[in-house]
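Computed from a predicted model, the values in this text were never measured in an experiment.
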Amino acid sequence: MSAPRLRATPLPGIGVQYDLVTREHRHLSVVAHRDGARTVSVYRADDPDSCAQSLRLTGAEAGSLIDALMPSHHSASLLYTTDLGLVAERIEVAAASPWNGRVLGETRMRTETGASVVAVLRRAAAIPSPAPDFRLVGGDTLIVVGTREGVDAAAAILGRE
């Protein structure tokens, strides 16, 4: 069986629409909005041009769906695993997070979980080794390294469970 064909269509001012026809001839589409949200649509089997169901997901919800569709060792947020039991994972600070605008040290993440924030991705910049007085901003993506349990606990502290 050949690989499924994914067609990308730019949507000016909105984002990009990705269309897929499954082996069962079902039409699916995902609109990747510029704000990070995703709209997943499933089209009717008897009329592939009529949308049967549409669901809008936040960026974090879309990431969770990706994690559910892929084995954890292939997770989009999982960066690296070793035989020592350490992982590095991307964890986003939501705009509505209580940590938005507060300093990293206030999270007590390293003390409470043993996991360390080794970098922060902000817009197009990477800030390596942020100090405890580093001020978090909604939309920041923290690169957290630790044991699986520690990284999960860090994600819980940051509000992503």
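- In terms of heavy atoms, Ala115 sits closest to Val144 at CB-CG1, 3.6 Å.
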### Task
Would you sort out whether Ser29 and Tyr43 count as a side chain to side chain donor-acceptor pair (under 3.5 Å), showing the intermediate values?
CA-CA 8 Å; Ser29 74; Tyr43 294 82; 3.3 Å; yes

### Task
Step by step, work out the side chain to side chain contact (heavy atoms under 4.5 Å, CB included) result for Thr22 and Leu28.
CA-CA 8 Å; Thr22 70; Leu28 306 171; 4.0 Å; yes

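- Taking every heavy atom of both residues into account, Gly101 and Arg135 meet most closely at O-NH1, 2.5 Å.
- Between the side chain of Asp140 and the main chain of Arg122, no donor-acceptor pair closer than 3.5 Å is present.
- Put simply, CD on Glu112 and OG1 on Thr107 are 9.0 Å apart, with the number rounded to the nearest 0.5 Å.
- Within the model, atoms OG1 of Thr141 and CZ of Arg123 stand 12.0 Å from one another, a figure rounded to the nearest 0.5 Å.
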### Task
Show your working on side chain to side chain contact (heavy atoms under 4.5 Å, CB included) between Val31 and Val16 and close with a plain yes or no.
CA-CA 6 Å; Val31 175; Val16 178; over 6 Å; no

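- Counting non-hydrogen atoms of other residues, nucleotides and ligands closer than 6.0 Å to CZ of Phe134 gives a total above 12.
- Under a hydrophobic-cluster definition in which Ile, Leu, Val, Met, Phe, Trp and Tyr are linked whenever side-chain heavy atoms come within less than 4.5 Å, directly or via other members, Ile157 and Val137 are assigned to different clusters.
- Taking both residues in full, the closest heavy atoms of Ile127 and Pro130 are given as O-CD, 3.9 Å, listed atom of the first, atom of the second, then distance.
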### Message
Assess the residue pair Leu57 and Val40 against the criterion (side chain to side chain contact (heavy atoms under 4.5 Å, CB included)); give the C-alpha distance rounded to whole Å, side-chain angles, the decisive distance to 0.1 Å, and a yes or no.
### Response
CA-CA 8 Å; Leu57 304 172; Val40 179; 3.9 Å; yes

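- Residue Arg110 places its CZ atom among 12 or fewer non-hydrogen atoms of other residues, nucleotides or ligands, all under 6.0 Å distant.
- Contact annotation: the side chain of Leu104 approaches that of Val117 to within less than 4.5 Å [non-hydrogen atoms, C-beta and beyond].
- Under a 3.5 Å cut-off, the side chain of Ser116 and the backbone N or O of Val118 do not form any donor-acceptor pair.
- Residues Ser54 and Cys51 approach most closely at CB-SG, 4.1 Å, considering heavy atoms.
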### Query
Should Val21 and Asp19 be marked as a side chain to side chain contact (heavy atoms under 4.5 Å, CB included) after you check the CA-CA gap, both sets of side-chain angles, and the distance that decides it?
CA-CA 7 Å; Val21 176; Asp19 290 286; over 6 Å; no

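- Looking at Asp35 and Arg56, a side-chain N of the basic residue comes within less than 4.0 Å of a carboxylate O on the acidic one, giving a salt bridge.
- Rounding to the nearest 0.5 angstrom, the gap separating the CG atom in Leu158 from the CG atom in Leu136 is 7.5 Å.
- In summary, Arg148 and Glu89 engage in a salt bridge, as defined by a charged side-chain N under 4.0 Å from a carboxylate O.
- Both Leu20 and Val42 are members of a single hydrophobic cluster when ILVMFWY side chains are connected at heavy-atom separations under 4.5 Å.
- The minimum heavy-atom distance between Arg44 and Ala52, with the atom names listed, is CG-CB, 3.6 Å.
- Interatomic distance, OG of Ser41 versus CD of Gln17, reported as 7.5 Å (0.5 Å rounding).
- Between Leu121 and Ile143 the shortest side-chain heavy-atom distance falls below 4.5 Å.
- Under the 4.5 Å side-chain contact rule for hydrophobic residues, Val103 and Trp99 do not share a cluster.
- Residues Ala154 and Thr113 share a closest heavy-atom pair of N-CG2, 3.7 Å.
- Between the CZ atom in Arg34 and the CD1 atom in Ile14 there is a gap of 9.5 Å [rounded to 0.5 Å].
- Here the straight-line distance linking atom CE of Met109 with atom CG of Leu142 works out to 6.0 Å at 0.5 Å rounding.
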